[in-house]
Number of protein chains: 2
Amino acid sequence: MVMQSLQLDRVFRALGDPTRRAMLGRLSRQEHTVGELAEPFKMSLAAASKHIKTLEQAGLVRRTVRGRTHYCQLNPQPLADANDWLRSYERLWTKRLAALEAFLRHPEKE
Amino acid sequence: MVMQSLQLDRVFRALGDPTRRAMLGRLSRQEHTVGELAEPFKMSLAAASKHIKTLEQAGLVRRTVRGRTHYCQLNPQPLADANDWLRSYERLWTKRLAALEAFLRHPEKE
DNA sequence: CGATTGCATAACCATATGGTTGAATATATC
DNA sequence: GATATATTCAACCATATGGTTATGCAATCG
């Protein structure tokens, strides 16, 4: 059930680019063609196409080809896996937030 | 309150490497010196030092210098920020998981 | 003082990444 | 069949990344 390390590498690296995160944002609302996904950016279609390929290899995007048009949809599973990895650190940041809250409530104790 | 896009880039990219994730894992349990963090890996100290610098620039590691020794500790805040970003997609994967569960319970309906 | 330790920095190398343009491919349209 | 559309692919370029070894430097040890 646990995600392979190499696949987690691909997911986190795919998320480490603002163009790709923006594409995922649009796909979270609706399916889009490659052309539609590329349109908001001022890079070439070929460059956008490479970003989509990166997302696909990370498992974040599924592609369906109908005729000459490629339809992309978001596959949220790798996001859930990345979230699982992050959540194993959750107690650390909640502990810190709790300490911050306590301080804001009773600064004299610090 | 929202994390800068560029900082989110740095955090996700920092997480996209197994050496750095392993370092964070150790730091989640205990503070460590640069030498201690480097020791488990079969790369040079200089290479490990660069990874630590990357983590530091992503805000994930804080360094305290005492004498000639550098002590590193985990700062979980950027992990919380990355988690916040991911959680904005949560409804998508829970919806999908719910559908899968429903199917496993009543396969005939599919 | 001299040697050793803990670490950063510099120079270098190979490969990856993110972009470009131009050509190829397949499907639609006239 | 000819042309237009949707997209990939190939070649190329600049910069980033992840590694190396060698060097430097401050702090500690003997």
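Chain naming here is simple, since letters A, B, ... match the order of the sequence lines and numbering starts at 1 in each. All of these numbers come straight from a predicted model, not from anything done at the bench.
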Please give, in whole Å, the distance from C:dT5 P to B:Glu39 CD?
16 Å
Measuring from atom CG of B:Leu79 to atom CG of B:Leu74, what distance do you get when rounded to the nearest 0.5 angstrom?
6.0 Å
Gap separating the CZ atom of B:Arg26 from the CG atom of B:Leu37, nearest 0.5 angstrom:
6.0 Å
Starting from the C-alpha separation in whole Å, work towards a yes-or-no answer on side chain to side chain contact (heavy atoms under 4.5 Å, CB included) for B:Arg21 and A:Leu8.
CA-CA 10 Å; B:Arg21 284 200 306 277; A:Leu8 206 49; 3.9 Å; yes
Whether each nucleotide of nucleotides 15-20 of chain C has a protein heavy atom under 4.0 Å at its base (B), only at its sugar-phosphate (S) or at neither (-) is summarised, 5' to 3', as --SSBB
Protein-proximity profile, nucleotides 23-30 of chain D, B/S/- by nucleotide at the 4.0 Å heavy-atom cutoff, equals ----BS--
Closest approach of B:Ala48 and B:Ala38, non-hydrogen atoms and distance?
CB-CB, 3.4 Å
Minimal non-hydrogen separation, A:Pro40 against A:Glu36, with atom names:
CD-O, 3.4 Å
Checking [X] side chain against [Y] main chain: does a donor-acceptor pair fall under 3.5 Å?
X       : Y       : value
B:Gln7  : B:Gln4  : no
B:Arg20 : B:Gly16 : no
A:Arg87 : B:Asn83 : no

Quick one, B:Thr54 with B:Arg13, criterion side chain to side chain contact (heavy atoms under 4.5 Å, CB included). Give me CA distance, side-chain angles, the key distance, then yes/no.
CA-CA 9 Å; B:Thr54 300; B:Arg13 283 202 309 256; over 6 Å; no
Can you check side chain to side chain contact (heavy atoms under 4.5 Å, CB included) on A:Asp81 and A:Val11, steps first, answer last?
CA-CA 9 Å; A:Asp81 296 332; A:Val11 173; over 6 Å; no
Distance check: side-chain N/O of B:His70 vs OP1/OP2 of C:dA8, anything under 4.0 Å?
yes
Angle, rounded to 10°, between the helical axes spanning five pairs at each terminus of the helix from C:dC1-D:dG30 to C:dC30-D:dG1?
10°
